[in-house]
Amino acid sequence: MKYPYTVKDLPYAYNALEPFLDEATLHFHHDKHLQTYVNNLNKVLEPYPEYQKWELSDLLINLDKLPNEIKTGVRNNGGGVFNHIMYFESLTNKKSKIPSEISAAFGGEENLLASLKKAALGQFGSGFAWLVQDAKKQYKIIALPNQDNPLSMGLKPLLPLDVWEHAYYLGYQNKRDAYLDNLLKIIDWNQVSQRAK
Ligand code: MN
């Protein structure tokens, strides 16, 4: 994925994830919020032809090496683009089984889901909970604020759980807890495990 960034269609219909995630939320989240991150990232990179040639993941991995003038813009908007595309691609209306390799790392499916939910609930304000792999291929669960991405910390992102209010407020109002319970029912674990090394 490189400059100029564009918004691709969702890999499913806007109402495909109901009743777990409603159509209106997906329209706003994908058509408005993601589009804004895409527009802003393009604006940030417009005067920097050198960095237009970089893959988005390389920009996030090497955030510290970017010129100061674009570091925050790439962190927030590049993260916004990467995180949302991975989030939308991590959801499905098809039955999906958690790979035993992943659940075993957390002592079983129930513990894995509880740990993801705990990290997501514990993120104060906006951000994401993440299932990641570290350099030793160990599975870990972390929470990061805003649009920060695990790549910038040397971690491999496998699954983002968006807990910005825009991800759930239309359907769930302030009930982040109920949103997460339902979100965890529509994870495409096949996609998640394909991202693991
Ligand atoms: Mn979001």
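Just so you know, ligand 1 is whichever comes first in the structure, and atom 1 is the first atom listed for that ligand.
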S.K.: Describe, in one word, how the ring planes of His30 and Phe88 are oriented to each other, choosing from parallel (under 30°), tilted (30 to 60°) and perpendicular (over 60°).
M.R.: perpendicular
S.K.: In chain order, what residues pass the salt bridge (Lys or Arg N to Asp or Glu O under 4.0 Å) check against Arg75, with sequence neighbours excluded?
M.R.: Asp148
S.K.: With sequence neighbours left out, what residues match Asp22 under salt bridge (Lys or Arg N to Asp or Glu O under 4.0 Å)?
M.R.: none
S.K.: Look at the aromatic rings of His27 and Tyr14 and report parallel, tilted or perpendicular, splitting at 30° and 60°.
M.R.: parallel
S.K.: Give the total of protein N/O/S atoms at a distance below 2.8 Å from the Mn ion (ligand 1).
M.R.: 4
S.K.: Name all pairs fulfilling the ring pair (Phe, Tyr, Trp, His ring centres under 6.0 Å) condition that reach into residues 61-82, sequence neighbours left out, sorted by first residue then second.
M.R.: none
S.K.: May I ask you to decide if the ring planes of Tyr51 and Trp54 are parallel, tilted or perpendicular, using 30° and 60° as cut-offs?
M.R.: perpendicular
